[in-house]
Peer 1: 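Next up is a structure, given as structure tokens.
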Amino acid sequence: MANNQIRVRFAPSPTGGLHLGGVRTALYNYLFARQHGGKFILRIEDTDQSRFVEGAEDYINNCLKWCGIEPDESPEKGGEYGPYRQSERKPLYAEFARKLVESGHAYYAFDTPKELEEMRNSLKSDANPSPQYDQQIRGKMKNSLTLPAEEVDRLLKDQTPHVIRILIPPNETIQFTDLIHGEVSFDSNIVDDKVLLKADGMPTYHLAVVIDDHLMQITHAFRGEEWLSSTPVHILLWKYLFGVENMPAWGHLPLILGPNGKLSKRDGAKYGFPVFAMNWADHVSGELTEGFKERGFLPAAFINMLAFLGWNAGTAQEIFSKEELVKLFSIERVHKAAAKFDFEKAKWFNQEWIKRSNAADLMEPVKKIFDLHHIPTFTDEYLETVISLTKERCTLLTDFVLQAGYFFQTPRAIDELSIKPKWSDEKSLFFTHFASALEGLPDNNHDTLEHLFKEMATQQGIKPGELQMIFRIMLVGEKMGPGVFTIASTLGNTETAKRIHYGIEIMNALRK
RNA sequence: GGCGCGUUGGUCAAGGGGUUAAGACGCCUCCCUUUCACGGAGGAAUCACGGGUUCGAUUCCCGUACGUGCUACCA
């Protein structure tokens with residue numbers, strides 16, 4: 001195994017649905033890995049047992065599968081650096097935490113949650129609304145820095161609940177070069193003594209990322225910008241544990257915003273767009289959060305749209321296949337600023353992808369949607385024809401139900417109001433004759449039908465144009481769809497005649 | 001409050017000391033089509049503000065404002 005191989009990871013915690021931002025982080029990781037011939041790792045960060053959600057991990061796997069960005073190593077697939085679930089690596093973290101205590105970079109803290117709360121409450125003021133456990137106050141708390149050694153030993157021996165906190169050094173400037181933001185620096189005096197190991201023996205994120213990134217040989221760590229502020233803690237940990245020279249390069253991805261600030265599940269329900277990749281049903285509340293998949297998005301369109309939320313190739317091209325993205329993606333061109341998610345633009349990406357897809361490639365997802373609506377799609381050949389006829393008017397896959405449904409089912413109701421003012425005995429007669437003629441016709445090709453239609457209209461002294469809209473509404477039910485004769489031809493003479501008779505019936509009934 | 005990050009049309013954004021400041025989405029008008037779409041042609045709309053630096057700032061620097069994130073034994 002080459003030691004200089006690029007290795008990146010996507011490290012979600014299984015606490016619920018996977019939203020846009022998460023999938024984008026996974027995507028950028030995937031693109032980066034593929035482009036450099038590296039490995040893309042999925043690591044499950046399930047160190048918070050209280051937030052564990054049943055099924056969330058499977059859901060993450062499924063989303064990545066649907067998007068076509070599957071990891072090379074993961075809890076599911078395994079790999080040389082496993083286990084890939086942090087809960088299964090528990091003993092490891094405590095060891096490193098102890099090492100930090102021994103080297104004087106961390107300490108035991110015995111403060112109870114209640115005591116911490118009291119400390120915060122008593123120190124809270126307008127000038128300092130959220131007091132931290134830092135160099136100002138750690139000397140006043142119950143920890144191995146303030147307690148006599150014998151007492152600490154006794155507390156430890158008695159298995160008194162405790163945590164291990166990092167000891168942040170004073171007066172240091174912690175600086176690093178972010179792949180996206182450039183030089184970023186922090187004053188260690190404002191960094192607090194973060195908990196590294198919790199009372200239950202589980203590590204916090206801060207400890208776990210550093211250890212696992214090291215053990216899993218991660219070379220580039222991409223994550224959301226919400227992590228930028230805690231990067232100094234991670235850098236210090238790298239320095240104490242493995243050496244900053246071995247630290248992965250950091251890249252903090254800009255946030256994705258909703259219409260009002262940070263994008264949330266709530267925004268989806270509020271504004272009517274999906275936020276998760278796929279449907280997510282909360283096991284406890286039963287609440288269903290809609291996914292892009294079920295809303296009718298093609299995976300290719302979804303990742304294309306996601307890739308463009310914060311990145312662009314610097315050219316006018318906007319439609320990219322996954323393969324093209326792998327080739328062209330560059331972390332240098334990732335925007336620094338957060339992007340507001342625009343569902344209209346997202347839909348446009350999907351529409352473009354539907355339009356550009358071969359009808360054959362759309363058959364599977366489209367058929368699934370019709371099945372869901374209990375609409376029979378007849379033969380594959382027929383379905384494919386219908387898709388090619390209608391795909392350019394569908395923005396979402398679900399639009400096929402409305403845009404193509406009439407090819408499979410006789411419209412239940414027709415737009416009578418649009419026909420009514422134009423309806424007359426002559427026209428009724430025309431359609432009766434035309435329908436009969438149709439029934440005796442040997443073929444149903446487009447041109448034959450059009451000629452017959454126009455010929456008969458002229459014979460009866462009616463302008464063909466005055467009849468076409470009526471004809472369309474009888475076949476489709478509405479003023480929409482491809483050319484009327486194309487529709488009639490596709491439907492076949494028998495079905496066409498049937499719909500005409502039905503239309504005549506409705507219109508004549510309306511006049512009585 | 002502190003600290004970090006950010007700020008080009010409504011949205012995504014290119015660009016970057018001298019430009020008519022690209023393009024896309026959306027919106028509007030027109031053409032095509034006796035339908036709906038697609039397609040085509042146009043249109044409205046932008047460098048947050050204030051100071052510098054400079055012959056010249058949207059671009060560089062500093063402030064301010066605004067947005068956003070962090071400030072948990074959550075990630």
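What you see is a predicted model, and the numbers here were worked out from it, not measured in a lab. Here is how names work: the chains are called A, B, and so on, in the same order as the sequence lines, proteins then strands, and each is numbered from 1.
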Peer 1: With rounding to whole Å, what would you report as the distance between B:U29 and B:A22 at their P atoms?
Peer 2: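 Result for the P pair: 24 Å, nearest Å.
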
Peer 1: Does the ring centre of A:F292 sit less than 6.0 Å away from the ring centre of A:F276?
Peer 2: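 No.
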
Peer 1: Calculate the interatomic distance between A:D178 atom CG and B:C5 atom P; express it in whole Å.
Peer 2: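 Result: 10 Å.
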
Peer 1: What integer distance in Å separates A:Q175:CD from B:G4:P?
Peer 2: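 In whole Å, B:G4 P and A:Q175 CD are 13 Å from each other.
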
Peer 1: Say we look at B:G23 and B:A41: how far apart would their P atoms be, to the nearest angstrom?
Peer 2: 12 Å

Peer 1: Separation of A:E332 atom CD from B:A14 atom P, in whole Å?
Peer 2: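 For the pair A:E332 CD and B:A14 P, the rounded distance is 14 Å.
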
Peer 1: Rounded to whole angstroms, how far apart are CD on A:E318 and P on B:A14?
Peer 2: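 That distance rounds to 11 Å.
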
Peer 1: Is the distance between the ring centroids of A:F320 and A:F349 less than 6.0 Å?
Peer 2: no

Peer 1: How would nucleotides 64-75 of chain B be written as a contact map, 5' to 3', with B for base contact, S for sugar-phosphate-only contact and - for no contact, using protein heavy atoms under 4.0 Å?
Peer 2: ----SBSBSBBB

Peer 1: Distance from A:F110 atom CZ to A:S144 atom OG, nearest 0.5 Å?
Peer 2: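 It is 6.5 Å, given to the nearest 0.5 Å.
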
Peer 1: Reckon A:V191 touches a base, only the sugar-phosphate, or nothing at all at heavy-atom distances under 4.0 Å?
Peer 2: nothing

Peer 1: When you measure from the side-chain N and O atoms of A:H181 to the phosphate of B:G6, is any distance below 4.0 Å, counting only OP1 and OP2?
Peer 2: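 For A:H181, the contact criterion (side-chain N or O under 4.0 Å from OP1 or OP2 of B:G6) is met.
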
Peer 1: Using purine N1 to pyrimidine N3 plus N6-O4 or O6-N4 for Watson-Crick, or N1-O2 and O6-N3 for G-U wobble, both under 3.5 Å, which nucleotide pairs with B:A22?
Peer 2: none

Peer 1: Partner lookup for B:C27, please. Criteria are Watson-Crick or G-U wobble with both distances under 3.5 angstrom; report none if nothing qualifies.
Peer 2: B:G43

Peer 1: Starting from P on B:C25, measure out to CG on A:D342 and report it in whole angstrom.
Peer 2: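 After rounding, the reported distance stands at 12 Å.
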
Peer 1: At under 4.0 Å between heavy atoms, how does the protein contact nucleotides 27-43 of chain B? Give one character per nucleotide, 5' to 3', with B, S or -.
Peer 2: -------BBBBSS----

Peer 1: Answer with yes or no whether the side chains of A:S424 and A:E426 bring together a donor and an acceptor at under 3.5 Å.
Peer 2: yes

Peer 1: Could you measure between the two P atoms, the one in B:C49 and the one in B:U8, and give it in whole Å?
Peer 2: 12 Å

Peer 1: Both A:D187 and A:A316 contact RNA chain B. Taking the nearest nucleotide for each, which residue is further toward the 5' end?
Peer 2: A:D187

Peer 1: Would you mind checking if A:E225 and A:K336 are paired as a salt bridge, meaning a charged N to carboxylate O distance below 4.0 Å?
Peer 2: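 No, no charged N to carboxylate O under 4.0 Å.
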
Peer 1: What's the CZ-P distance between A:F341 and B:G26, to the nearest Å?
Peer 2: 14 Å

Peer 1: Quote, to the nearest angstrom, the P distance that separates B:G50 from B:A65.
Peer 2: 15 Å

Peer 1: Could you tell me how far apart A:F349 (CZ) and B:C25 (P) are, to the nearest whole angstrom?
Peer 2: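 Taking CZ of A:F349 and P of B:C25, I get 10 Å after rounding.
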
Peer 1: Between A:K355 and A:E352, does at least one N-O distance fall below 4.0 Å, as a salt bridge requires?
Peer 2: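 Salt bridge flag = yes for A:E352 with A:K355.
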
Peer 1: Assign each of A:V184 and A:N312 to its nearest nucleotide of RNA chain B by heavy atoms, then name whichever residue's nucleotide is nearer the 5' end.
Peer 2: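 Looking at RNA chain B, the more 5' nearest nucleotide goes with A:V184.
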
Peer 1: Is the shortest side-chain N to carboxylate O distance from A:R9 to A:D213 below 4.0 Å?
Peer 2: yes

Peer 1: Checking all strands, does A:R333 fall into the base, sugar-phosphate, or nothing category for heavy-atom contacts under 4.0 angstrom?
Peer 2: sugar-phosphate

Peer 1: Side-chain donor-acceptor pair under 3.5 Å between A:R138 and A:N143, yes or no?
Peer 2: no

Peer 1: Quick one: is B:A14 close enough that its OP1 or OP2 comes under 4.0 Å of any side-chain N or O from A:H335?
Peer 2: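 Yes, within the criterion.
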
Peer 1: With rounding to whole Å, what would you report as the distance between B:G51 and B:U58 at their P atoms?
Peer 2: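 It comes out at 12 Å once rounded to the nearest Å.
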
Peer 1: Report yes or no: do A:S418 and A:D415 form a side-chain donor-acceptor pair below 3.5 Å?
Peer 2: yes

Peer 1: Return the nucleotide paired to B:C32: Watson-Crick means purine N1 to pyrimidine N3 with N6-O4 or O6-N4, wobble means G-U with N1-O2 and O6-N3, both under 3.5 Å.
Peer 2: none

Peer 1: Could you give the distance separating B:A44 and B:A57 at their C1' atoms, to the nearest angstrom?
Peer 2: 27 Å

Peer 1: Measure the distance from CH2 on A:W348 to C1' on B:G23 and round it to the nearest whole Å.
Peer 2: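 About 10 Å, once rounded to whole Å.
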
Peer 1: Under a 3.5 Å cut-off for both contacts, is B:G69 paired Watson-Crick or G-U wobble with anything, and if yes, with which nucleotide?
Peer 2: B:C3

Peer 1: Should A:K427 and A:E466 count as an ion pair when the cut-off is N to O under 4.0 Å?
Peer 2: yes

Peer 1: Can you tell me the base-pairing partner of B:G63? Count Watson-Crick or G-U wobble geometry only, both distances below 3.5 Å, and say none if there is no partner.
Peer 2: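 Check on B:G63: paired to B:C49, both distances under 3.5 Å.
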
Peer 1: Does a side chain donor of either A:S50 or A:D48 reach within less than 3.5 Å of an acceptor in the other side chain?
Peer 2: yes

Peer 1: Which part of the nucleic acid, if any, lies within contact of A:G310, taking any heavy atom under 4.0 Å across all strands shown: a base, the sugar-phosphate backbone alone, or nothing?
Peer 2: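 The answer is sugar-phosphate, as A:G310 gets under 4.0 Å only of primed atoms, P, OP1 or OP2.
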
Peer 1: I'd like the P distance from B:A14 over to B:G9, given in whole Å.
Peer 2: 12 Å

Peer 1: Could you work out the separation of B:C47 and B:C28 based on their P atoms and round it to a whole Å?
Peer 2: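 Roughly 24 Å separates the two P atoms.
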
Peer 1: Side chains of A:D212 and A:Y93: any donor to acceptor distance under 3.5 Å?
Peer 2: yes

